[in-house]
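Note sheet for the following structure.
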Amino acid sequence: MSKKITLPAEIELVEFEALSQIEQKVLEKAKLVSENSYSPYSNFQVGAAVALESGKILQSSNQENVSYPVGVCAERLVLGYAGANFPTEFPTIIGVVAKRKGEESWASVSPCGMCLQGINEVEMRFGKIMTILILRSDGQVFRAKGVKNLLPLKMDDLKS
Ligand code: THU
């Protein structure tokens, strides 16, 4: 016997101008820091920024390595920095942007599975959900409230 299970995933599509001020600021910081991407192997420049509960914004870009798996995504770098330096402050918002080197327009990017799992860890640690903002190439933004909307079967204690 088998049973089909549908997992809920809710994502909003929001005009940039309709985001809150702090959400817009997070994405602007992510755009700026993507210029510091070290990505000679993929030429894919990713920027990620988080807003802490205090309103402080931290940011990072992806940093690659000639031994490819050693490279780290922008999201996990910024979350690691937040945890290392502001361990008591929950990052309420994370924003992600990306651009292919040499191109004018932004590319649509979704955080990879490892980064989503990384976001999950921070949500579990604080018992709170993060707002995840993903810039799309058309300038609009995907907004998800909680990582479960992007990674419904995240590695977790499934409890059943
Ligand atoms: N990358 C990120 O930094 N974040 C993502 O969410 C997706 C991928 C990086 C990893 C690698 O340096 C490059 O983008 C191409 O995959």
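For ligands, and for the atoms within them, numbers begin at 1 and follow the listed sequence. As the structure is a computational prediction, the values presented were derived from the model and not from experiment.
Nearest to atom 8 (C) of ligand 1 among the protein's heavy atoms is Cys73 SG, 4.0 Å. Closest protein heavy atom to atom 9 (C) of ligand 1: Asn62 ND2, 3.6 Å. For atom 16 (O) of ligand 1, the nearest non-hydrogen atom of the protein is Phe44 CD2, 4.6 Å. Atom 7 (C) of ligand 1 has as its closest protein heavy atom Val109 CG2, 4.1 Å. At the top of the distance list for atom 12 (O) of ligand 1, counting protein heavy atoms only, stands Glu64 OE2, 2.5 Å. Considering only non-hydrogen protein atoms, atom 4 (N) of ligand 1 sits nearest to Glu75 OE1, 2.8 Å. Ranking protein heavy atoms by distance to atom 3 (O) of ligand 1, first place goes to Ala74 N, 2.9 Å.
Between Pro111 and ligand 1 there is a heavy-atom distance shorter than 4.0 Å. Not a single heavy atom of Ser39 lies less than 4.0 angstrom from ligand 1.
Counting non-hydrogen atoms of other residues, nucleotides and ligands closer than 6.0 Å to NZ of Lys25 gives a total of 12 or fewer. Counting non-hydrogen atoms of other residues, nucleotides and ligands closer than 6.0 Å to NZ of Lys56 gives a total of 12 or fewer. More than 12 heavy atoms of other shown residues, nucleotides or ligands fall within 6.0 angstrom of atom OH in Tyr41.
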Q) How far apart are the C-alpha atoms of Glu123 and Lys148, what are their side-chain angles, what is the distance that settles it, and do they pass the salt bridge (Lys or Arg N to Asp or Glu O under 4.0 Å) test? A) CA-CA 10 Å; Glu123 288 191 351; Lys148 78 171 194 311; over 6 Å; no
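Counting heavy atoms under 4.0 Å from ligand 1, residue Ser110 touches it through the backbone alone. Residue-level proximity to ligand 1 for Ser42 is carried by the side chain, the only part with a heavy atom below 4.0 angstrom.
Using a distance-only test at 3.5 Å, with no hydrogens or angles considered, a donor-acceptor pair links the side chain of Lys99 to the main chain of Glu104. Side chain of Thr92 to backbone of Ala51: a donor-acceptor contact under 3.5 angstrom is found.
Rounded to the nearest 0.5 Å, atoms CZ (Arg76) and SG (Cys112) are 5.0 Å apart.
Defined by atom type and a distance below 3.5 Å, a donor-acceptor pair is present between the side-chain atoms of Ser54 and Glu89.
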